[in-house]
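So the structure is just underneath, and the comments pick up after that.
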There are 2 protein chains.
Amino acid sequence: MKQPTICPRFEKAISLLSQRWTALVIYQLLSGPQRFNEIQSSVGISGKVLSERLKDLEHQGVVKREVIPETPVIIEYSLTEKGLSMEPILKAIENWSQAWIEPGSGSAD
Amino acid sequence: MKQPTICPRFEKAISLLSQRWTALVIYQLLSGPQRFNEIQSSVGISGKVLSERLKDLEHQGVVKREVIPETPVIIEYSLTEKGLSMEPILKAIENWSQAWIEPGSGSAD
DNA sequence: TACACTTAGTTACATAAAGTAAGTTATTAT
DNA sequence: ATAATAACTTACTTTATGTAACTAAGTGTA
């Protein structure tokens, strides 16, 4: 049994961010709207999982999917207001990583 | 092929925080040194995974394990300086969750 | 001393999540 | 018509988590 000593809203936010790849995908989208393959190759995630994550993030109102009826049709993913508001979190992680993680070591991939 | 558009230090920090339970354990320890069972019951993690996480966090210099030779012997886990310096991250998540997550809904995990 | 209880784990086995790679549908370039 | 690209999906394998029982050391009680 879990007795939530911890705030359920906080837990929910954590469980969102603790999903593998989610934070990285959001971070990537922070630099602007992007297409599926763009995100996939810059983040290094498999198509399968990216597709899952994007759907999930869409349902949670963090990411917006737009079909742009250009020449062949472009599908563009971007952050919603909710997603953009996570920037301070990602920046905090970035700052911490600059201060405390040494670059050279182990396996990042 | 993956081309790391993303800073390896940042990725490393993310992969640390994206491990299930890790952020919650650190958050919990932010409120002070605690014992194994205390963390386990407040976070709602299994002993097996907690043990793994704690070892991992120790290796990464985030958590410190201390054996206190009191009456029966107490094993206390606490954050190192590196661990304490993650507070802004957790606070940012907390703030975001207060602003953007509604408490009542679905499945947290 | 024997029996039960607590702490701090570990072990074995079951289920869920991720990775890999090939396949799909639509469109476009040659 | 053939090959290529974008955006996914499907099938199958590997890894991570969950569950629950078990261990070792110490303590409390009768």
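Below, chain A is the first sequence line, B the second, and so on; all start at residue 1.
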Contacts of B:Gln28 meeting side chain to side chain donor-acceptor pair (under 3.5 Å) (sequence neighbours excluded), chain-then-number -> B:Gln34, B:Ser42

Where do N or O atoms of nucleotides 25-27 of chain C meet protein N or O atoms at under 3.5 Å, pair by pair?
none

For the residue pair B:Ser18 / A:Trp21, report whether a side-chain donor-acceptor contact shorter than 3.5 Å exists.
no

How long is the line joining CZ of B:Arg20 and C1' of D:dT19, in whole Å?
14 Å

Residue list, ring pair (Phe, Tyr, Trp, His ring centres under 6.0 Å) with B:Phe10, at least two apart or on another chain
A:Tyr27

Distance check needed: C:dA17 P versus A:Ile45 CD1, whole Å only.
15 Å

Which nucleotide in the set D:dT17, D:dT19, C:dT20 lies at the smallest distance from any side-chain heavy atom of B:Ser46?
D:dT19

Could you state the CG-C1' distance from A:Asp56 to C:dA18, rounded to the nearest angstrom?
15 Å

With B:Asp56 via side chain to side chain donor-acceptor pair (under 3.5 Å) - residues at least two apart:
B:Gln19

Applying side chain to side chain donor-acceptor pair (under 3.5 Å), can you list everything that pairs with A:Lys55, at least two apart in sequence or on another chain?
none

Can you see if the side chain of A:Trp21 gets near the phosphate of C:dA17 - specifically, an N or O under 4.0 Å from OP1 or OP2?
no

Once base and sugar-phosphate atoms are separated, protein heavy atoms under 4.0 Å mark nucleotides 1-10 of chain C, 5' to 3', with B, S and - as ------SSSB

Does B:Glu70 have any side-chain contact (heavy atoms from CB on, under 4.5 Å) partners at least two apart in sequence or in another chain, and if so, which?
B:Ile68, B:Ile74

What pairs with A:Glu87 under side-chain contact (heavy atoms from CB on, under 4.5 Å), at least two apart in sequence or on another chain?
A:Leu30, A:Lys91

It should be established whether B:Arg53 places a side-chain nitrogen or oxygen under 4.0 Å from OP1 or OP2 of nucleotide D:dT17.
yes

Can you list the residues that meet the side chain to side chain donor-acceptor pair (under 3.5 Å) rule with A:Gln98, with sequence neighbours excluded?
B:Arg9

In whole angstrom, give the distance that lies between atom CD1 of A:Ile39 and atom C1' of D:dA7.
11 Å

